[in-house]
Amino acid sequence: MLPEFNIAKEIFLKYDLKLTEKQYEAFDIYAEFMAEYNEKVNLTAITKPYDILVKHFLDSAIPLTYLEFEDGYSLLDIGTGAGFPGLPMAIMFPKLKLTLMDANGKKITFLKELTEKIRRILPIEVTIIQARAEDFARGDLRASFDIVTARAVAPLAVLSEYALPYVKVGGVFLALKGASESYEQGAEITEELGGDLADFAEYFLPVNENTVGGTAETPGETPGDLRRLFIIEKTNITPKKYPRSNAQIKKAKK
Ligand code: SAM
């Protein structure tokens, strides 16, 4: 279903991602199963094969190219939906220990079936949890992950409160964002939660055949869609009062 292997491989290489045939096969199984499941459960509005490759798989995998990390690092993806960005990250870097979390039971069922299929060809280690992030952060998983990620879940001011309690001191929270959000919009609460902006990256997705994609340093004339990545390091322990309840978080935002 996806564009041919050689096309996919070439696009991924622009971002320093070396796609193997096995990984491509895993992505193809992913795309097929998501399209099939999408007919009964609403998982994604992105349905064209090229768009799935670029806007879901590539966009999800790129952020890890900005990090130095070791085999066996743990990664939690909050509000993962149909698995983004966590699952493509684990397909590209199968030595990560992945945990996917979402509040929605239908998406959790999809992810369990999907990961079983992927694991038949690629030995990824994955745990799947149905929970709201802010309800689950007081248990054993608090301060236990090397990397926490989230894409398209909430504004940074809210997302930091979901994510930072789970990050170990010294670990990172990767917030994947579009062009419209700045770090300043969530800076105060992020720092209160023990986070600090360690790095910031911008890259472009080649969203159609007329765009070339690439990093902010090599945009050319028709780069494509801008994406922003905030790399937030956990420098201090998150105070015990966080995360607050969903109602309190919403109230504080007003
Ligand atoms: N991250 C995926 C992506 O980029 O395609 C899914 C994005 S979807 C717009 C938002 C997802 O976040 C939904 O699946 C929703 O159930 C989940 N979600 C929203 N708030 C959440 C929370 N507090 N805890 C866990 N999951 C949450």
Side-chain angles (χ1 to χ4, degrees), residues 27 30-31 33-35 37-38 40-48 51-64 75-92 98-115 126-139 141-142 145 147-167 173-181 186 189-190 193 203 205 207 225-230 238 242-253:
F27 281 135
Y30 196 155
F33 189 57
M34 187 168 65
Y37 217 89
N38 210 28
K40 47 180 182 162
V41 174
N42 185 15
L43 294 172
T44 178
I46 294 171
T47 53
K48 291 187 190 146
D51 291 351
I52 293 175
L53 179 74
V54 169
K55 295 182 186 171
H56 277 327
F57 300 154
L58 178 65
D59 186 38
S60 291
I62 289 171
L64 284 187
L75 187 150
L76 167 69
D77 185 27
I78 290 175
T80 189
F84 306 117
L87 197 45
M89 284 175 167
I91 290 172
M92 289 309 294
L98 174 68
T99 301
L100 299 173
M101 182 183 286
D102 202 282
N104 182 310
K106 288 185 181 162
K107 291 179 181 170
I108 294 293
T109 306
F110 162 75
L111 289 170
K112 286 186 176 158
E113 291 179 32
L114 170 66
T115 49
V126 52
T127 305
I128 298 171
I129 299 173
Q130 182 181 357
R132 286 198 65 87
E134 66 277 29
D135 296 342
F136 214 71
R138 296 191 182 277
L141 295 188
R142 191 176 182 93
F145 290 92
I147 305 167
V148 176
T149 57
R151 184 185 82 162
V153 178
L156 186 64
V158 174
L159 209 52
S160 281
E161 188 157 348
Y162 291 166
L164 279 164
Y166 289 99
V167 184
F173 163 39
L174 297 180
L176 282 67
K177 291 290 179 185
S180 62
E181 215 173 324
I189 181 78
T190 298
L193 287 152
Y203 54 89
L205 291 180
V207 283
D225 278 4
L226 177 67
R227 294 288 189 269
R228 293 211 161 112
L229 174 68
F230 301 118
T238 300
Y242 297 112
R244 295 163 293 178
S245 69
N246 186 32
Q248 286 171 313
I249 296 173
K250 278 193 182 147
K251 204 168 147 202
K253 268 201 76 210

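Reckoned from all heavy atoms, side chains included, excluding hydrogens, waters and symmetry mates. Note that ligands are numbered from 1 as they come in the structure, with each ligand's atoms numbered from 1 the same way. On a predicted model such as this, the values are computed, not experimentally measured, just so you know.
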Shell of residues surrounding ligand 1, defined by a 4.0 angstrom heavy-atom cut-off that is strict
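If the criterion is a heavy atom under 4.0 Å, then ligand 1 touches G79, T80, G81, F84, D102, A103, N104, K107, A131, R132, A133, E134, R151, A152, V153, Y162.
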Would you sort out whether D77 and T149 count as a side-chain hydrogen bond (donor to acceptor under 3.5 Å, both in side chains), showing the intermediate values?
CA-CA 5 Å; D77 185 27; T149 57; 2.9 Å; yes
Within this structure, what is the OH-CG distance for the pair Y37 and L43, rounded to the nearest 0.5 Å?
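The CG atom of L43 is 7.5 Å from OH of Y37, to the nearest 0.5 Å.
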Between Y30 and F84, is the gap from one ring center to the other below 6.0 Å?
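Yes, they do, as the ring centres are separated by less than 6.0 Å.
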Tell me whether K55 is salt-bridged to D225, with the criterion being a basic N under 4.0 Å from an acidic carboxylate O.
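The answer is no: the pair does not qualify as a salt bridge.
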Between R244 and E161, is there a side-chain N and carboxylate O pair less than 4.0 Å apart?
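A salt bridge links R244 with E161.
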Fit a plane to each ring of F33 and F110, take the angle between them on a 0 to 90° scale, and name the class: parallel (under 30°), tilted (30 to 60°) or perpendicular (over 60°).
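Because their plane-to-plane angle is under 30°, the rings of F33 and F110 count as parallel.
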